[in-house]
Amino acid sequence: MTAPAGPTEALGAALTAEYAAIWAYGRIGVRLTGADRRAAREAEAAHRRRRDALVVQLSTGAGTVPADHAGYALPYPVTDRPGALRLAVEVEERTAAFWRAAVAATTGPDRDRALAALVEYAVRATRWRRAAGITPSTVAFPGRPS
Amino acid sequence: MIGRSRRTVLRAGTLLALGGATATLTGCDPLGRGGQPAAAPDPLAPLVDEALALAAAHTDAAAAHPPLADRLTPIAEAHRAHAAELAGLIGAATPTPSASASPSPAGDPAAALVTLRTREQAGRQSATAACAGAPADRAALLASIVAARATHVEVLR
C-alpha cells in the first residue's frame, strides 16, 4: 500500500477499505454463532458508522466520493469458524492500515478520528485472535504494512 | 511517568548525549566559519525511555510470575521494537534491552497485571499526545505505538 498524497485521498482510501470490511463481515457473520456472531455484528456496525461518517465528510469537500462495489474478492473462501475468525483478523488489520495512513496524512480532529479508528480496529483484531486461539494475540506495529 | 528509576533516567541521559555528540560533529564546519548550535533534545527521546521501561516491567513481571510469561514476553518484545524504531527516527543509537529498570513486580500475579495495565494506559496517553502534534513522517509510527499499547491493555485483562 502506497501512502496517499493528501487528507482527501487518504480518507477516500479509508472509505474503500470500510466498504470492503462491511462486505467481508457479511461473509464472516454467517459462519459464526453465539458470542462470536454478536462480536461480528458489533464490528460490522462500527465499520458502517465510519463509512457513513466518511461519506458525509467527503461529500462536503470538492473531491468525488469513492463508490461502493457490488462485491469484493476474499483472500480465501470462508467455509467454517476458523476461516471466518482468520478473515476477521485480516479485515481489521487491513482496515487499520488505511487509517494509519490517514493519521499521517491528516492533522487536528481528522487525525484524532483516524487514530481512534486505528486503535479500535487493532484492539478488535486482538480480540479475534484470542477467539481463534492465535498466539501471540498482539502485533508490535498494528496497521503497519508488512 | 510512573516508576521511572534512576537507571532509566541515566540511560536517557546517555541517549541524549549521543544525539548531542552527533549534532556537534555534523554541525562542525571544517573551514571554521562557525558551527550550528547544539540540537535541542528530540521530543521523542522520553518515549524511547518510556518504551524501554515498559519492556523491563513486563520482563520483570514474567520472571516473577512464570505462568504469565507467555502473555508478557511478546509485549516486552513489542516495547523493545518500539524503542528501536523511535531511536531510529531520532537518530540515536539503538537502545540495548534493559535489565531491571522498574520497581519490583507485585508478589500477586493479579496485582502485577493491574500494575502493568495502568502503565500501559499511561503509555498510551503519552504516545497519543506525541502523535497529535507530530509531523507526518513520525505520526504513523506513533499511531501504531498507541494502538499496540491499547491491545496490550486488552491482553492484560
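- Between A:L118 and B:S144 the shortest heavy-atom distance is CD2-N, 4.1 Å.
- Taken together through direct or relayed side-chain contacts under 4.5 Å among Ile, Leu, Val, Met, Phe, Trp and Tyr, A:V55 and A:W23 form part of one hydrophobic cluster.
- Listed options B:V153, B:T151, B:I145 were ranked by heavy-atom pairs under 4.5 angstrom with chain A; first place goes to B:T151.
- One hydrophobic cluster, built from ILVMFWY side chains closer than 4.5 Å, cannot hold both B:V155 and B:V114; they sit in different ones.
- Counting heavy atoms from C-beta on, the side chains of B:R124 and A:V119 come closer than 4.5 Å.
- Of the listed residues (A:A104, A:A114, A:A96), the greatest number of heavy-atom pairs within a distance under 4.5 Å of chain B belongs to A:A104.
- A salt bridge links B:E85 and A:R144; the closest N-O separation between the charged side-chain nitrogens and carboxylate oxygens is under 4.0 Å.
- Of the atoms belonging to A:R127, it is side-chain heavy atoms, and not backbone ones, that fall under 4.5 Å from chain B.
- Across B:A139, B:A78, B:P74, B:A150, the residue that shares the most heavy-atom pairs under 4.5 angstrom with chain A is B:A139.
- Contacts of B:L141 with chain A are made by both backbone and side-chain atoms, with heavy-atom separations under 4.5 Å.
- Hydrophobic clustering (ILVMFWY, side-chain heavy atoms < 4.5 Å, transitive): A:V65 and A:I22 are in distinct clusters.
- The closest side-chain heavy-atom distance from A:T135 to B:D70 is not below 4.5 Å.
- In terms of modelled atom types and a separation under 3.5 Å, the side chain of B:R71 and the main chain of A:P136 share no donor-acceptor contact.
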